[in-house]
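A, B, ... follow the sequence lines: proteins, then strands. Residue 1 opens every chain.
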Protein chains: 2
Amino acid sequence: MKDAIQPRTLKTRAKLTGAAEALIADHGYDALRVDEVVKAAGVAKGTFFAHFKDKDALMDLLIGAKIDGLLDDLERQPVPGSTADLIAAMDPMMRFMTCERYVFDVILRHSGAAMSDQIGPIANTFGRHLTVVAEWLRDGPFRRDISALLMAEGVQAFLVQVMALHFCAIHSDVDMQDRLQVYLDAWLMPKG
Amino acid sequence: MKDAIQPRTLKTRAKLTGAAEALIADHGYDALRVDEVVKAAGVAKGTFFAHFKDKDALMDLLIGAKIDGLLDDLERQPVPGSTADLIAAMDPMMRFMTCERYVFDVILRHSGAAMSDQIGPIANTFGRHLTVVAEWLRDGPFRRDISALLMAEGVQAFLVQVMALHFCAIHSDVDMQDRLQVYLDAWLMPKG
DNA sequence: ATTAGTTATTGACCATGGTCATTTTTAAAT
DNA sequence: ATTTAAAAATGACCATGGTCAATAACTAAT
């Protein structure tokens, strides 16, 4: 009996993700087709689904990896001392998450633990983001009547709201940053 | 030149939506297939897409109509005097929106103006909901440092967050209402 | 009634994600 | 080396949403 993953499994996986990344670099996420991925990777279609539950699982992996990279950058930054700094720090992440409507949809779908069976890459990044932001807020000049974690959860809620409105016909004219500023000021530094 | 819609157009539309509603009543939203709808309606497949841009557009219509009905009920209720009352008032809506994972996904996708071209039924209900809640908050015992509309927008952001977490593997054990209570207390009645 | 132009309907066809019985490859045991 | 059982890969096939050129049904003008 063997249960250790064979070397070729890793190689095939790498070929698939590599091919997918190259195609995405050229034509974006939305335009990715499974047929093109397997053709570029030089494997059969069935092989793709032996490695990934479905197309969404690949997207979860790739987009999750991208966000993880951006979170690495985020963690390296100095602790923000104001909502404006906070927003500036999160800007690259927001920009990636809204680079394509399709990407944002995938993120939304996976943000709260993919398909409710097990936690996926994107869901993980949301957890990580929560931790980082909570840590930041703990010692900042913000409200003290609620926990840092609760504050961070609210930041995420408003982040999602702002990005969603970004794709909205009516509100897309208002800048994401400006809108988030209003929300976060009211959430993190209430004057009432 | 004529531009008035023919009577049969309305009739076909009614047949399609009627068939869809019946099928959904029996098997839920997620299980709905276009083929079954057209078969039940007694029309060809192409006819479906002559009436609806895609399957999502039908879902937008049907789910939007359902939410509209719930908003009618909501408007008839007495003005909530606390966050608990507010949450209780919104309960039926939340329950419907989370009745199926698929339904929630459709709602999310359409909440901010469908596909960025024109405002759809679901997006409309979000606008309506915003108005109703803002009106409620205007005279309630809540914070006064921000506008009622801004408060209402926050309520929506937290509402979405709570519903998303409901489908999350990690957090689904915590009750939606309880979680929303924490959020809304912190948002509408900050003590800092 | 006939004609003409517009609108609605049709169904064969396509695009694309996903499945599964079969075959091939691998690695451990003999 | 041979055998053998598990793991991986294959590709024909299916499910389902969506398209479009051709056709039928309507309505208004003559």
Side-chain angles (χ1 to χ4, degrees), chain A residues 1-20 23-24 27-63 100-103 105-106 109-110 114-115 117, chain B residues 1-20 23-24 27-63 100 102-103 105-106 109-110 114-115 117 120:
Chain A
M1 293 84 207
K2 38 194 155 177
D3 42 1
I5 20 155
Q6 301 180 2
R8 73 170 160 166
T9 304
L10 282 321
K11 238 181 72 183
T12 306
R13 247 188 120 81
K15 276 196 290 185
L16 282 168
T17 53
L23 285 165
I24 288 167
H27 308 107
Y29 290 87
D30 191 34
L32 193 74
R33 295 289 168 269
V34 173
D35 280 322
E36 289 179 6
V37 174
V38 298
K39 196 178 161 192
V43 300
K45 200 168 184 178
T47 303
F48 180 97
F49 293 99
H51 286 261
F52 303 101
K53 187 187 164 297
D54 50 26
K55 189 186 169 186
D56 244 36
L58 173 67
M59 287 300 180
D60 190 8
L61 189 77
L62 296 182
I63 293 174
E100 286 179 43
R101 167 87 212 201
Y102 173 74
V103 170
D105 281 345
V106 172
R109 234 176 305 131
H110 291 82
M115 291 313 147
D117 44 9
Chain B
M1 290 84 207
K2 38 193 150 176
D3 42 1
I5 21 162
Q6 301 180 3
R8 70 170 163 166
T9 304
L10 282 322
K11 237 180 74 182
T12 305
R13 249 188 118 82
K15 275 195 290 184
L16 283 168
T17 54
L23 286 166
I24 288 167
H27 308 106
Y29 290 88
D30 191 34
L32 193 74
R33 297 288 168 270
V34 173
D35 280 322
E36 288 178 5
V37 174
V38 297
K39 196 177 159 194
V43 300
K45 200 167 186 179
T47 302
F48 180 97
F49 294 98
H51 286 261
F52 303 102
K53 186 188 164 295
D54 49 28
K55 190 186 167 185
D56 244 37
L58 173 67
M59 287 299 181
D60 191 8
L61 189 77
L62 296 181
I63 294 175
E100 285 179 45
Y102 172 73
V103 169
D105 281 345
V106 171
R109 235 178 303 131
H110 291 82
M115 292 310 148
D117 44 10

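One atom, CZ of F49(B), and another, P of dT16(D), lie 13 Å apart when rounded to the nearest Å. The CG-C1' distance, from L58(B) to dT16(D), rounds to 15 Å in whole Å.
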**Asked** Does the side-chain contact (heavy atoms from CB on, under 4.5 Å) test come out yes or no for V43(B) and F48(B), once each step is laid out?
**Response** CA-CA 8 Å; V43(B) 300; F48(B) 180 97; 5.8 Å; no

**Trace of the side-chain contact (heavy atoms from CB on, under 4.5 Å) decision for V37(A) with L23(A)** = CA-CA 8 Å; V37(A) 174; L23(A) 285 165; 4.0 Å; yes

**Item:** Residue pair D60(A), F52(A): steps toward the side-chain contact (heavy atoms from CB on, under 4.5 Å) verdict
**Value:** CA-CA 10 Å; D60(A) 190 8; F52(A) 303 101; over 6 Å; no

**Message:** Before you tell me yes or no, could you show the steps for R13(A) and T17(A) under side-chain contact (heavy atoms from CB on, under 4.5 Å), namely the whole-Å CA-CA distance, both residues' side-chain angles and the distance that decides it to 0.1 Å?
**Reply:** CA-CA 6 Å; R13(A) 247 188 120 81; T17(A) 53; 5.6 Å; no

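Candidate nucleotides dA8(D), dC26(D), dG17(C) were compared by shortest atom distance to the side chain of R8(B), and dC26(D) ranks first. Nearest nucleotide to the side chain of A44(A), out of dA27(C), dT10(C), dT10(D): dT10(D). Side-chain proximity of T12(A) to the nucleotides dT9(C), dA9(D), dG18(C) is greatest for dA9(D).
Residue T47(B) has a polar side-chain atom (N or O) positioned under 4.0 Å from OP1 or OP2 of dT10(C). Distances shorter than 4.0 Å separate none of the side-chain N or O atoms of T9(A) from OP1 or OP2 on dA7(D).
Residues R109(A) and R109(B) have side chains not in contact (no heavy-atom distance under 4.5 Å, counting atoms from C-beta outward). Contact check for L58(B) versus L62(B): side-chain heavy atoms found under the 4.5 Å cut-off. Annotation: side chain of V103(A) is not in contact with side chain of M59(A) (no heavy-atom distance under 4.5 Å).
Against DNA chain D, the stretch residues 31-42 of chain A makes no heavy-atom approach under 4.0 Å.
Between its opening and closing five pairs, the helix from dA1(C)-dT30(D) to dT30(C)-dA1(D) changes axis direction by 10°, a value rounded to 10 degrees.
With DNA chain D read from its 5' end, the first of the two nearest nucleotides for H51(A) and F48(B) is the one closest to H51(A).
Donor-acceptor pairing under 3.5 Å, judged by distance alone, is absent between the side chain of K55(A) and the base of dG18(C).
Closest approach of L16(A) and A41(A) over heavy atoms only: CD2-CB, 3.9 Å.
Salt bridge status for R101(A) with D105(A): present, with a side-chain N to carboxylate O gap under 4.0 Å.
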